[in-house]
Amino acid sequence: MKKILFKDLANYYGQEIELQGFVDKVRDLQYVQFVILRDSSGKVQMTIEKNEENKELNEIVTNLTKESTILAKGIIYQQDKVKLRGMEFIPNKIEVTSRSEEELPIDILDYNNKSKQDLRLDNRFLDLRLEKNYLIFKGQTIAEMAMRDYWIENDFIEIHSPKILGTASETGAEVFDLKYFGKKVFLAQSPQFYKQMAMGAGFNNVFEIGPVFRAEKSHTAYHATEFTSVDCEMSWIKSHHEVMDLEEEKLIKVMKKISNDIGEDFKRVFKKEFVIPKENFPRIKFYDAKKIIQDNYNYVGEKDYDFNRREEELICLYSRKKLNSDFVFVIDYPFEARPFYHMIDEKTKLTKSFDLLYKGIEITTGAQREHRIDVLKKQALAKDMNLDTLDFYLNFFRYGMPPHGGYGFGLTRFLMRLFEVDSIRDVTFLYRGPNRVTP
RNA sequence: GGUCCGGUAGUGUAGUGGUUAACAUGCCAGUCUGUCACACUGGAGAUCGUGGGUUCAAGUCCCGUCCGACCGCCA
C-alpha cells in the first residue's frame, strides 16, 4: 500500500486506507471519540463511536497521549459537519507505534506556543513539529531549487569549496582554528578565495551553497557562528552593476516560485502575503544614502564610511515608503568599509561594490573584484595584510584572470525577512551560536 | 565587551521584606449524545537559576556566578 500524505486524503473518499501520523489532539466524549491526526502535510479527524463493537479501539484512544504516533486502517469519508477539511476517517484498526510522554517540555499547540526560544531550541525536534516551522524549511528548499534552476539556465557551474583552510580567510571577522594532525588550520569564513580561483580556472560562472563559520561572540537575532551562505561569481564583467542585474533577476525568480508554491499556506499559517519584487531594485550610492537618511529621518550614524543597524533600517524604510521596494541596493562604498579585493573605481576612488538590503537587514555583499595582481597587492598592503600568507591566493592572478565579480547571500537572513520572523534561529534547522552547540 | 533588563509548577506569567507562593494553559481523574482551541467539576504538580551575605524573617534587599534578552563588534 502506497504511503498516503494527509494533504491528499480527498482523493480516497470511500476507500479503505492506511494512515500514519502524530496524535495532535484527543477529544474523548461520552459516546464518541475524536482524534486529530497530523503529518507534515496536514491534519485529519479520526472518529470512533463508543460501543461494544469498538471496545478495543475505544480503549486505545482513552489511553492515547498527544504526540504519540499511530498507524490506523479504515475508511476516509466526506463529512460536512466536521470543520477540519469536511472529512473524517473511521478506523477499524489502530496501532500505537510510539507512545509520547504525557507532558511536553515546550508548548507546541498552534494557538499557544509561547515557550521561550532558548527552551524551544533545546527541544528543536518538537518545535519543528509546528506547521509554521515546517513551512519555513519547505520555503528554503524551494528557494534553493529556484536559485539552482536559475544558475543552470545561465551556464553557472556548482562548486563545493573546502571548509578546512590552511590560512585564515580574508575579511577581518574572527575565524575558528582547530587542530589538524598537529597543525593549526582554520574554518572557512567564506568561499570567497575559491570561487575566485574558479574564475582563474576559466569556469566563467560558478555558484556554491554551503556552510560558513564566524568566530564572533555576537548575541543578536541575526547572527550565527555557522550559517548557510549562497555564493556566486561571474567572469567577463565590466562593472558591479552586472552582478546586481544577475542577483535581482535571480531573486525575482525565487520569490515568484516561493509565492506560487507556498503562498497560500503562508497566508493561512502566518496571516501574511509574499510581496513579489518588481524589476529595477533601487540602487542608491552610499553617500547619497547617508544624505537621504539625514534629510528624511534626521539621523547620522557614528561612522561616516559605513552603516550601523539603525541606518540600514532607515534606508529600507525610505525604500519601502518612497520607492515602493522591499529590496534596495546600496552601492559604491568607500574602501575603508570593504575588504581588500573589492575593485576601486579610478574616477570616484570608491569601491565598485554593493550591499543588498531587504526589509531592514543586509542580506548580500557583492562587488566587482580587483583582478590585476599589482593593484590587488597594493590594496592588500593598504589593509595591513601579509602578502606571504596570501600568496596562494595571489597565485590565482598570475597567469591570466578574467575581470569578474560576485556576491555572497545569507540564506538564513533572507528567509528570516521573507517569513518576517524575529530571529535567524527560527529559520536555521539547528542554530549554532557563541553559547549553543547542541542539540 | 556594555545594560538601575530577565530567570518563580511541564509551559507562559503575577507576586516591592511577614500565614498554606497566585493566575492561565498543559497534565491526571470524573461528568458530559458529534466534538472541532469541546465544556463542566475535582486533583496532582514550585526546595522561586545557582553560591554566599544582610535580617527576627528573603521569591522579594546586597555581592558573586551561570544562562538568556537587548545593544555593540561583525555579515
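Numbered from 1 within each chain, the chains take letters A, B, ... in sequence-line order. Since we're looking at a predicted model, the values are computed, not measured.
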Between [N] and [M], how far apart are the two [atom1] atoms, rounded to whole Å?
{"N": "B:G59", "M": "B:A14", "atom1": "C1'", "result": "12 Å"}
{"N": "B:U11", "M": "B:G53", "atom1": "C1'", "result": "33 Å"}
{"N": "B:G12", "M": "B:U16", "atom1": "C1'", "result": "22 Å"}
{"N": "B:C63", "M": "B:G26", "atom1": "C1'", "result": "38 Å"}
{"N": "B:C28", "M": "B:A44", "atom1": "P", "result": "16 Å"}
{"N": "B:G42", "M": "B:C48", "atom1": "P", "result": "29 Å"}
{"N": "B:G45", "M": "B:G7", "atom1": "P", "result": "24 Å"}
{"N": "B:A75", "M": "B:G10", "atom1": "P", "result": "43 Å"}

| With distance as the sole criterion, do the side chain of A:Asn308 and the base of B:G72 form a donor-acceptor contact below 3.5 Å? |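 When only heavy-atom distances are counted, A:Asn308 does not reach the base of B:G72 through any donor-acceptor pair under 3.5 Å.
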| field | Side-chain donor/acceptor of A:Gln45 to base of B:U35, under 3.5 Å | value |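 It does, because a donor-acceptor pair links the side chain of A:Gln45 to the base of B:U35 below 3.5 Å.
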| Of the candidate nucleotides B:A75, B:C28, B:G34, which contains the atom at the shortest distance from the side chain of A:Glu88? |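 Nearest to the side chain of A:Glu88 among the choices is B:G34.
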Within the 4.0 Å heavy-atom criterion, would you say [X] contacts the bases, only the backbone, or no part of the nucleic acid?
{"X": "A:Lys303", "result": "sugar-phosphate"}
{"X": "A:Ala224", "result": "base"}
{"X": "A:Asp80", "result": "nothing"}
{"X": "A:Leu104", "result": "sugar-phosphate"}
{"X": "A:Leu119", "result": "sugar-phosphate"}
{"X": "A:Lys83", "result": "base"}
{"X": "A:Ser218", "result": "base"}

Cation over ring, [X] on [Y], under 6.0 Å and within 45°?
{"X": "A:Arg369", "Y": "A:Phe397", "result": "no"}
{"X": "A:Arg283", "Y": "A:Phe329", "result": "yes"}
{"X": "A:Arg417", "Y": "A:Tyr358", "result": "no"}

| Partner set under side-chain hydrogen bond (donor to acceptor under 3.5 Å, both in side chains) for A:Ser229, not counting sequence neighbours |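 Counting only residues at least two positions away or on another chain, A:Ser229 forms a side-chain hydrogen bond (donor to acceptor under 3.5 Å, both in side chains) with A:Asp231.
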Please state how far atom [atom1] in [X] lies from atom [atom2] in [N], giving the value in whole angstrom units.
{"X": "A:Glu103", "N": "B:C27", "atom1": "CD", "atom2": "C1'", "answer": "4 Å"}
{"X": "A:Leu126", "N": "B:U11", "atom1": "CG", "atom2": "C1'", "answer": "12 Å"}
{"X": "A:Glu362", "N": "B:C73", "atom1": "CD", "atom2": "P", "answer": "13 Å"}

| said: Main chain of A:Lys50, side chain of A:Gln33: is a donor-acceptor contact present, judged purely on distance under 3.5 Å? | reply: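 No; zero donor-acceptor contacts below 3.5 Å.
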Between protein and nucleotides 67-70 of chain B, what N or O pairs are separated by less than 3.5 Å?
from  : atom 1 : to       : atom 2 : distance (Å)
B:G68 : OP2    : A:Asn435 : ND2    : 2.7
B:A69 : OP1    : A:Arg425 : NH1    : 2.4

| said: Quiz question: by atom type and distance under 3.5 Å, do the side chains of A:Tyr222 and A:Arg309 form a donor-acceptor pair? | reply: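 There is such a pair (donor and acceptor under 3.5 Å, judged by atom type) between the side chains of A:Tyr222 and A:Arg309.
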| message | For B:C27 and A:Lys66 - does any side-chain N or O of the residue sit under 4.0 Å from the phosphate oxygens OP1/OP2? | response |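 Yes, because at least one side-chain N or O of A:Lys66 sits under 4.0 Å from OP1 or OP2 of B:C27.
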| query | Any side-chain N or O of A:Tyr222 less than 4.0 Å from the OP1 or OP2 oxygen of B:G72? | reply |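 Indeed, a polar side-chain atom of A:Tyr222 lies that close.
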Applying the Watson-Crick and G-U wobble criteria at under 3.5 Å, what pairs with [N]? Answer none if nothing qualifies.
{"N": "B:C61", "result": "B:G53"}
{"N": "B:C23", "result": "B:G12"}
{"N": "B:C28", "result": "B:G42"}

| message | Set out, in order, the CA-CA distance, both residues' side-chain angles and the distance that settles ring pair (Phe, Tyr, Trp, His ring centres under 6.0 Å) for A:Phe307 and A:Phe286, then state yes or no. | response | CA-CA 9 Å; A:Phe307 284 162; A:Phe286 174 77; 5.0 Å; yes
| field | A:Lys93/A:Glu56 ion pair, N-O < 4.0 Å | value |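 Judged by the 4.0 Å cut-off on N to carboxylate O distance, A:Lys93 and A:Glu56 do not form a salt bridge.
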| field | Qualifying residue for salt bridge (charged side-chain N to carboxylate O under 4.0 Å, His left out) with A:Glu311, from A:Lys290, A:Lys291, A:Lys303 | value |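 Single pass found, and it is A:Lys290.
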